[in-house]
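As structure tokens, the structure follows; a few thoughts come after it.
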There are 2 protein chains.
Amino acid sequence: MVTIADVARHAGVAASTVSYVLSGKRTISTDTRERVQRSVRALGYRPNASARALASQRSNVLALVIPLRTGMHVPVMMQFAAAVVTTARRYDHDVLLLTADEGPDGLERVAQSSLVDALVVMDIELDDERVPVLRELPMPSVLIGYPDDADGLTCIDLDFVAAGAHCVDHLADLGHRSLALLGTPSAVYERQTGFAQRTLTGFAEAAERRGVVGVETPCEHTFDAILHTVRQLLDEHPDITGLVVQNEPIIGPLLDVLRRLGRRVPEDMSLVAICADDVAERQVPQLSSVSIPAERIGDQAVESLITKLEGGDVPALTLLPPALTARESSCQAPHRDLTTA
Amino acid sequence: MVTIADVARHAGVAASTVSYVLSGKRTISTDTRERVQRSVRALGYRPNASARALASQRSNVLALVIPLRTGMHVPVMMQFAAAVVTTARRYDHDVLLLTADEGPDGLERVAQSSLVDALVVMDIELDDERVPVLRELPMPSVLIGYPDDADGLTCIDLDFVAAGAHCVDHLADLGHRSLALLGTPSAVYERQTGFAQRTLTGFAEAAERRGVVGVETPCEHTFDAILHTVRQLLDEHPDITGLVVQNEPIIGPLLDVLRRLGRRVPEDMSLVAICADDVAERQVPQLSSVSIPAERIGDQAVESLITKLEGGDVPALTLLPPALTARESSCQAPHRDLTTA
DNA sequence: ATGGGGTGTCGAAGCGCTTCGACTGGGGTA
DNA sequence: TACCCCAGTCGAAGCGCTTCGACACCCCAT
């Protein structure tokens, strides 16, 4: 293994000079700089990460804490992780992957051992036990999602309240008067997951504001559960003509179920999903949807973290505005009466 | 930050003694050991990872290289990654996440800078450009999948040749005489991805061996592509009664397509998928399937790597035997003639 | 009583890098 | 001409840990 001393000897300079050439932290004459760079290339020198971290107190590694629990939508998380890694690399950082089931201790472990310089934590619950730990940790962190008490934290998320509301507005604009939100599995709500709760809030508030009926129900992933949930929903509320779905894996089977129950989409039943664009576009009919900008969130998270590492300031809460794309699955409500109030 | 010197002072011993207590590499009297342990707890001491890595030449970090490309099935990879992280933690290691698009250079970077002790590389192509790099690297690695020339490497994979064959055997046993393999998107084949190629081989060999007709076609992910592919397939081979599917995201839409084309599953068309069990079970009808044991592969990969790190020997190639679970989507072929030969 | 072999502990020497202070020499200013 | 300043470079001191060899000390066999 070639060390900085080897490079220094080869270039006929001191080791510290090599270091300064590499880091650019002091001015070095063009002549010397080029000579050193040639030696670096000639010897194939790579600085030893541990030595560098030890001396500089910076590991150039970010922790990414990913949930691996039931009901989480996997492809979105993967997109997200990919964005984090890619963006981190742009800033010359690497990413250490942690699973959420290490819990708060896992965060303390990697932080206090200086394995990482900063943390990105996904899937934050409204009352998340990791939050107090993050507050005390001697390094910056960014949360994806945000807890009830976000004091002193940096949080980034899609504005799910607005997302829920957008869906309602879209359907209400099309004349639908009775809507349902088909949500995530109940376990996700029970865990007090922020995005699920907030969509629900946005949905309910918007329904109220628009003076339309809005009912909500969780939905598990199995086909039978979907069938049962939808059947019961339509039995109890036969006048529902608009469905908002926040549950990516059930989308395919749901379309099936509706067909089975004799509801055509969109003629009898309009559908708006909250999901990744490619999923919406893959369906038949293509779904109107509010997309989840996983990539942008991941980018943003890393950029905020880097800014904080460099001592900069970032907003405490960044809420990305949701965008609804109307596709084939939503249309004018079948008219039964034409009163508008 | 509390250091080993603080602990040593607190316990009234030398720093080296603390180190030996922590590592267990020398015998320490019970008395001293307990005193040190108390001090460690009292001060909340955590060894500094960089210092440890620098001194011991071991970072206790494994690299995991994940593909983020088109046509890869995401949930399986996620399961896989989760298994790797979980198992690595069991052996007191962490996992650094790399994306495949850093290419061979990424591997060299993390290896030569001693950021990691070993590597797990997924999604190996038959002629993978990373393979020669891995051979030269001064640290162990495990490949998921295996290239044509696997000399000097450690590879783990599901036996996809056997998987393809199992599917054929299952259908042939049920009396089907004309089968098709609906594969991954063509990009995956063009990349010479091992698992896709090998399934194809197994499928073709088994069809030959059983004396049944076996045709193969790639299939893209969009609904239209699926519809078109299947329609064309059935036009050209109207006597096909058995379908093998190795393309997880199309499974839902495919069932739709078959329904549209007037083929009932399994009465008119038997289906066997190569996919995760939960996906198979979620469909209606539930699919007969060969499952992809992502978790076992992940475990196995890490365990092999740890063994190698400790100087142990591991088999060059571990092929996990595939298991076919018969569910509702496959049944006796509709009889048109009863000759068996 | 003496020697030998464990057992338990210590001190010091690195691991490979960054960074600080100090030094040199050349150019500009007074 | 004397002075100062700055650009460019060097040497040395760590960063916090592991590990090697050395050293007591005690117990047992002689």
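Numbered from 1 within each chain, the chains take letters A, B, ... in sequence-line order. We use all heavy atoms of the structure for the numbers below, so side chains are in, but hydrogens, waters and symmetry mates are not.
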For this session: Check every strand shown and say whether S19(A) touches a base, only sugar-phosphate, or nothing at a heavy-atom separation below 4.0 Å.
Result: base
Exercise. Which part of the nucleic acid, if any, lies within reach of T32(A) when heavy atoms closer than 4.0 Å are counted: base, sugar-phosphate only, or nothing?
Worked result: sugar-phosphate
For this session: Starting from the C-alpha separation in whole Å, work towards a yes-or-no answer on side chain to side chain donor-acceptor pair (under 3.5 Å) for T307(B) and S304(B).
Result: CA-CA 5 Å; T307(B) 304; S304(B) 294; 5.9 Å; no
For this session: Please test D101(A) against T99(A) for side chain to side chain donor-acceptor pair (under 3.5 Å), starting from the C-alpha separation and ending with a verdict.
Result: CA-CA 5 Å; D101(A) 49 51; T99(A) 63; 2.7 Å; yes
Exercise. Taking the nucleotide of DNA chain C with the closest heavy atom to each, which residue, S16(B) or Q57(B), is nearer the 5' end?
Worked result: S16(B)
Exercise. So where does chain A start and stop touching DNA chain D, 5' to 3', when the test is distance under 4.0 Å to a non-hydrogen atom?
Worked result: dA7(D) to dG16(D)
For this session: Inspect the contact between D299(A) and R296(A) and indicate whether a charged nitrogen and a carboxylate oxygen are less than 4.0 angstrom apart.
Result: no
Problem set entry | Crowding at CG, D127(B) (>12 non-hydrogen neighbours, <6.0 Å) | no
Exercise. Are D31(A) and R35(A) within salt-bridge range, i.e. N to O under 4.0 Å?
Worked result: yes
For this session: Return yes if the base of dG21(C) and the side-chain atoms of R26(A) contain a donor-acceptor N/O pair under 3.5 Å, otherwise no.
Result: yes
Exercise. Is any side-chain nitrogen or oxygen of T27(B) closer than 4.0 Å to OP1 or OP2 of dG8(C)?
Worked result: yes
Exercise. Given the rule in the side-chain contact (heavy atoms from CB on, under 4.5 Å) test, do R130(B) and I124(B) qualify, once you have shown the distances and angles that lead to the verdict?
Worked result: CA-CA 8 Å; R130(B) 297 169 297 186; I124(B) 295 291; 4.0 Å; yes
